[in-house]
Number of protein chains: 2
Amino acid sequence: MVSTESAAANELLAVRAAELYYEEHKTQDEIGAILRVTRWKVGRLLAQARERGIIRIEIVHPRARRLALERDLCSRFGLRDAIVVPAPLDEVELQARVAEAAADYLVSMRPVPRLLGVSWGRTLHQVAEALPVGWSTGVNVVQINGGVSLSKRPGTAASTAVMIAQKAGGQATLLPSPAILERLETKKAIEGDRTVGGVVQMARGAAAYLFSAGVADTTSVHVDSGYLTADDIVALVARGAVGDVIGRYITADGTIADPELDARTLGLSLEELRSAATSILVIGGEAKHPIARAIVTHGLCSVIVTEEHTARALLDEADGDAGAAPATDPDRHHDIPAGGPPS
Amino acid sequence: MVSTESAAANELLAVRAAELYYEEHKTQDEIGAILRVTRWKVGRLLAQARERGIIRIEIVHPRARRLALERDLCSRFGLRDAIVVPAPLDEVELQARVAEAAADYLVSMRPVPRLLGVSWGRTLHQVAEALPVGWSTGVNVVQINGGVSLSKRPGTAASTAVMIAQKAGGQATLLPSPAILERLETKKAIEGDRTVGGVVQMARGAAAYLFSAGVADTTSVHVDSGYLTADDIVALVARGAVGDVIGRYITADGTIADPELDARTLGLSLEELRSAATSILVIGGEAKHPIARAIVTHGLCSVIVTEEHTARALLDEADGDAGAAPATDPDRHHDIPAGGPPS
DNA sequence: TGCTGACCTGCTCAGATGAGCAGAGGGCGC
DNA sequence: GCGCCCTCTGCTCATCTGAGCAGGTCAGCA
């Protein structure tokens with residue numbers, strides 16, 4: 001190298017080449033003629049410019065995704081798939097985008113699950129709404145945890161499952177039981193009921209699970225719905241609970257926060273969720289970082305749908321304890337069909 | 001078209017294709033395999049994405065340029081060349097960037113001018129400083145307007161010309177005279193002096209002129225240097241002066257603001273500047289928009305070096321009276337060598 | 001029902017591009 | 001001073017990509 005002078009001249013040349021290539025749409029050959037260098041040199045200058053970040057290419061679209069983060073999440077946590085959308089500043093918008101992304105993911109899932117197990121909550125309701133009518137053909141839906149009121153007013157557990165099923169021309173099977181029972185005996189009795197027991201059994205056979213997670217605080221839907229009191233939440237937090245998955249409160253270690261409470265919680269067990277072939281977590285927002293981390297680091301989901309802040313938060317922690325692979329593994333294959341079924 | 005549905009699906013598909021192409025560096029063929037479409041469709045999707053602005057390509061570099069604005073300036077004002085740099089927020093930085101760009105332009109000028117006529121001022125001094133040592137070989141420099149103090153302390157008219165010449169291994173010829181004389185007789189006498197007259201004569205033969213422009217206000221170097229008083233400036237503004245070019249105050253119409261004062265101003269005339277083959281204006285900053293407009297719309301420069309705000313301000317005015325051509329003329333050829341002489 | 005025109009699709013083919021290679025040049029240690 | 005080694009250069013060749021074209025599809029309309 002002839003000292004810094006030539007390096008600087010090269011950089012300037014690279015900037016000029018980049019302008020002519022990306023803004024003026026000239027061919028590398030033409031640029032070579034203008035800058036008096038060979039076209040091969042122009043190619044190298046452009047490669048340099050890209051490497052050094054002189055050229056910034058950005059995809060500005062609400063449905064854009066962060067594939068690099070997705071890849072990192074997959075390899076770090078051993079996930080089968082990850083969907084990461086750019087995070088808008090507005091929290092409401094953010095939740096909508098994540099829900100939309102989850103809907104996109106469902107639409108493009110292959111093979112199409114014949115039976116889909118779903119949880120319920122605000123997030124999943126948004127996913128249901130984001131699904132286009134006819135998003136699939138003949139997908140049946142089964143609820144995987146209790147919490148239904150049989151009325152179908154919007155926002156309830158029932159309406160979520162029903163909407164997802166209806167939009168795919170399938171049948172919804174609801175779990176007609178509270179999420180958490182006050183007494184263990186009641187829970188066992190309800191569970192023993194043929195209807196309820198049958199639904200749970202059916203849920204165990206679902207080809208895929210779609211669920212979100214709640215934060216362990218008083219804004220929880222469990223408090224709204226009256227299954228838990230504010231005091232219960234305080235007690236759970238004292239035991240280290242960070243949030244709930246399909247109604248079960250867990251700690252950062254991925255273990256049940258309160259076994260007694262858990263025994264009174266009706267629906268799929270954590271172990272059943274963990275051993276599922278396809279379990280899709282839909283989660284977004286600052287508040288949910290701890291519960292997201294608990295789920296993801298302890299293998300409770302095989303697919304995550306989230307936004308970039310959460311993704312970064314998950315990746316930023318130095319410990320990648322759950323089957324960690326090098327975060328830069330480039331060979332991971334991604335199959336991301338985008339639109340509806342391509343006929 | 002199958003209604004909006006297909007259009008939306010296409011857009012989503014375009015976003016996915018863009019991500020895979022620009023972020024994951026896959027070939028269109030590979031993308032086709034992933035998205036289950038043919039590679040030609042992928043090509044079309046990418047073209048759509050670029051058209052609709054889904055893909056934003058930006059060149060982030062202090063030396064980047066705004067070629068589209070340059071082209072517009074050239075065609076609108078019939079310039080031979082225009083250099084427009086992105087405007088940093090900081091005014092000081094902005095002046096430095098413009099000066100740097102002017103230096104780049106000088107370095108890459110072809111043919112190399114054997115004799116370069118230069119004006120003086122803060123801007124040109126920065127240009128001189130931005131020039132690399134050995135920026136050319138054997139370029140001689142001549143001052144085109146008065147204002148020299150024979151001492152060579154930095155910042156004076158003399159040091160600018162000398163620095164430009166020295167750095168190109170050439171000789172500087174200074175114009176040993178005040179910029180503006182108090183009495184017409186004195187001006188005529190000095191002009192008649194063999195030395196001074198010879199220098200002016202030499203200036204008339206320069207292959208190119210390099211100059212900036214001043215604003216008609218009390219921050220002017222003419223006030224600093226004592227050639228004009230604050231009152232003189234007030235009077236000039238009252239006559240419609242917007243600023244000065246090579247020491248001569250002009251109005252927005254491009255005419256001399258005060259002929260009597262002008263007669264006492266020593267150096268190249270406005271007409272001589274206007275009829276020059278190559279006259280390079282270096283100018284930047286909000287305050288200078290009016291004088292820049294006056295110069296550019298009245299053919300006083302053939303090349304402009306500026307920043308994007310000024311460029312936009314010049315273009316925003318609906319009247320393109322000076323030999324205007326359609327602003328979108330795509331055939332205009334630009335020759336913009338970038339680095340040093342490519343040997 | 002059949003026609004029309006607009007649009008979309010997949011194709012051919014030529015031009016544009018990137019990978020990889022051999023040779024040139026220049027710094028640096030022996 | 002000499003040779004070694006590293007880097008940069010210009011090249012060949014295979015691949016990738018975009019322009020343009022012919023055929024297919026579909027809504028609108030008589």
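In the text below, chain A, chain B and the rest are named by the order of the sequence lines, each starting its count at 1. These values consider heavy atoms only, across backbone and side chains, with no hydrogens, waters or symmetry-generated copies.
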Using atom CZ of B:Arg44 as one end and atom C1' of D:dC21 as the other, report the distance to the nearest whole Å. 11 Å

Mind running side-chain hydrogen bond (donor to acceptor under 3.5 Å, both in side chains) on A:Thr310 and A:Glu307 for me, showing each step along the way? CA-CA 6 Å; A:Thr310 299; A:Glu307 33 70 31; 2.3 Å; yes

Output the rounded distance in Å from CG (B:Leu46) to P (D:dT17). 9 Å

Nearest-Å distance for atom pair CG/P, residues A:Leu45 and D:dG10: 11 Å

How close or far is atom P of D:dT15 from atom CD of B:Glu30, stated in whole angstroms? 13 Å

If the test is side-chain contact (heavy atoms from CB on, under 4.5 Å), which one of A:Ile304, A:Thr306, A:Val305 qualifies with A:Val84? A:Thr306

Given D:dG18, C:dT9, C:dA16, identify the nucleotide with an atom nearest to the side chain of B:Lys41. C:dT9

Rounded distance in Å - CH2 (A:Trp40) to P (C:dG18): 13 Å

At less than 4.0 Å, is any side-chain N or O atom of A:Tyr21 found next to OP1 or OP2 of C:dT17? Yes or no. yes

If I take atom CZ in residue B:Arg39 and atom C1' in nucleotide C:dT12, what distance separates them, rounded to the nearest angstrom? 10 Å

Are the side chain of B:Lys41 and the backbone of B:Gly32 linked by a donor-acceptor contact shorter than 3.5 Å? no

Protein-nucleotide distance (A:Asp29, atom CG; D:dT17, atom P), rounded to Å: 18 Å

To the nearest angstrom, how far is B:Gln48 atom CD from C:dT9 atom P? 9 Å

Output yes when at least one side-chain N/O atom of B:Gln28 is less than 4.0 Å from OP1 or OP2 of D:dG18, else no. yes

Look at atom CD of B:Gln171 and say whether more than 12 heavy atoms of other residues, nucleotides or ligands are closer to it than 6.0 Å. no

